[in-house]
Amino acid sequence: MDSSMKRRDFLKSATLAGAAAFVGNSVPGLSEVQARANSVVRPVVIASANGLKATARAMELIQQGVDALDAVIAGVNIVEDDPKDNSVGFGGLPNEDGVVELDSSVMHGPSGRGGAVASLRNIKNPSKVAKVVMERSDHVLLVGEGALRFAVSHGFKEENLLTEESREIWLKWKETLSNQDDRLPPHDINSIDIGEGPKKYERITGTINCDGVDLKGNISGVTTTSGLAFKIPGRVGDSPILGAGLYVDNEVGAAGSTGRGEANLLACSSVMIVEYMRQGKTPEESCLLACTRIAQQTKERRLLDDKGRPNFNVNFYAINKSGVYGSAAIWSGPKFAVNTGEKESRLENCTYLYKREKK
Ligand code: GLY
């Protein structure tokens, strides 16, 4: 770990001070539930950096009394509908065959229910379909053709999600492809060195995670993505997997992720972050612990830099029941969007495990 420690300590104390202000007048001797009922709920919405508009919209709805889940879904719908965001919904970068496949999950704190879809084609708002899976089926996750048929049966409109811009980016990737792709040669799984990973073309793993606490103190979250650009068809990342790309416990808080989904699928970080918060750690400390876990778990040389650190990034975002929020990434640089009741949202820096050296 590096000099980010000092900054983290500062952030930690700032966040704890914020927590004290948010919690309000809990009375010693009352049960936890009564204390919560007496506490001042301060709503908050947090998201990845592409969620400035999403968090502002979600907060606007929360202040009108809307449930946190409906609010955060309405927020991320703005990003799903935006053809200029190449990492989510309409205009998302396609798989290696040039077909857009979307993943999303939602989790509703008060009911403890969740829903998700993966490898969903032709429907631009997978987050809305995930909510229908939660509400109108006895299942939690639907994938591929079945997810599409379920969505169509509920009135979702099929459309071509590939914009001209995304198609051109995909074609350029195809045309510059050499022998570097996601397919690995036969090898001994105990070998930590099977050569270089793909480096030639930057691969986008953009996503939006958005979590909110509403006026009643209820917590919900959503994660939605087009996944890894130019993925092998059928590849599913962490976003639609409850416990990995999103997790909510209404008594504790919510957490979600963006970045390299494969690393997070192996760590199931979101549920772990919520459990760290249950133990009393701040959202930021909990997110940073998840980054540390991924760094410790990553052993293959193709995924490490020359100092043995992961050569990819994963970002986490978390809020707790008291409205305290925090975020951390493996590598410095990312920001997150947050709204604590203002008309406009703001970007803040994620804390980090490793500082990216300037080239
Ligand atoms: N974290 C998004 C993905 O890997 O698909």
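As the structure lists them, so they are numbered: ligands from 1, and atoms in each ligand from 1.
Among the atoms of G237, none of the N or O lies under 3.5 angstrom from an N or O of ligand 1. Between G227 and ligand 1, no pair of N/O atoms sits closer than 3.5 Å.
Considering V133, L141, T224 in turn, V133 is the only one that fulfils the side-chain contact (heavy atoms from CB on, under 4.5 Å) rule with V117.
Proximity of a side-chain donor or acceptor of S166 to a complementary backbone N or O of L162 within less than 3.5 Å is not detected. The backbone N or O of A254 lies less than 3.5 Å from no partner atom in the side chain of D249, so there is not a single donor-acceptor pair.
Within ligand 1, the atoms closer than 4.0 Å to a non-hydrogen atom of G259 are 1 (N), 2 (C), 3 (C), 4 (O), numbered from 1 in the order shown. Close approach of ligand 1 to T207 (heavy-atom distance below 4.0 Å) involves ligand atoms 1 (N), 2 (C).
To the nearest 0.5 Å, atom CG of residue L266 and atom CZ of residue R293 are 11.5 Å apart.
When the options I208, T223, T224, D238 are ranked by their closest heavy atom to atom 3 (C) of ligand 1, first place goes to D238. Nearest to atom 4 (O) of ligand 1 by heavy-atom distance, out of K231, R235, R260, is R235.
Ring centroids of Y352 and W331 are separated by 6.0 Å or more, keeping the two rings apart.
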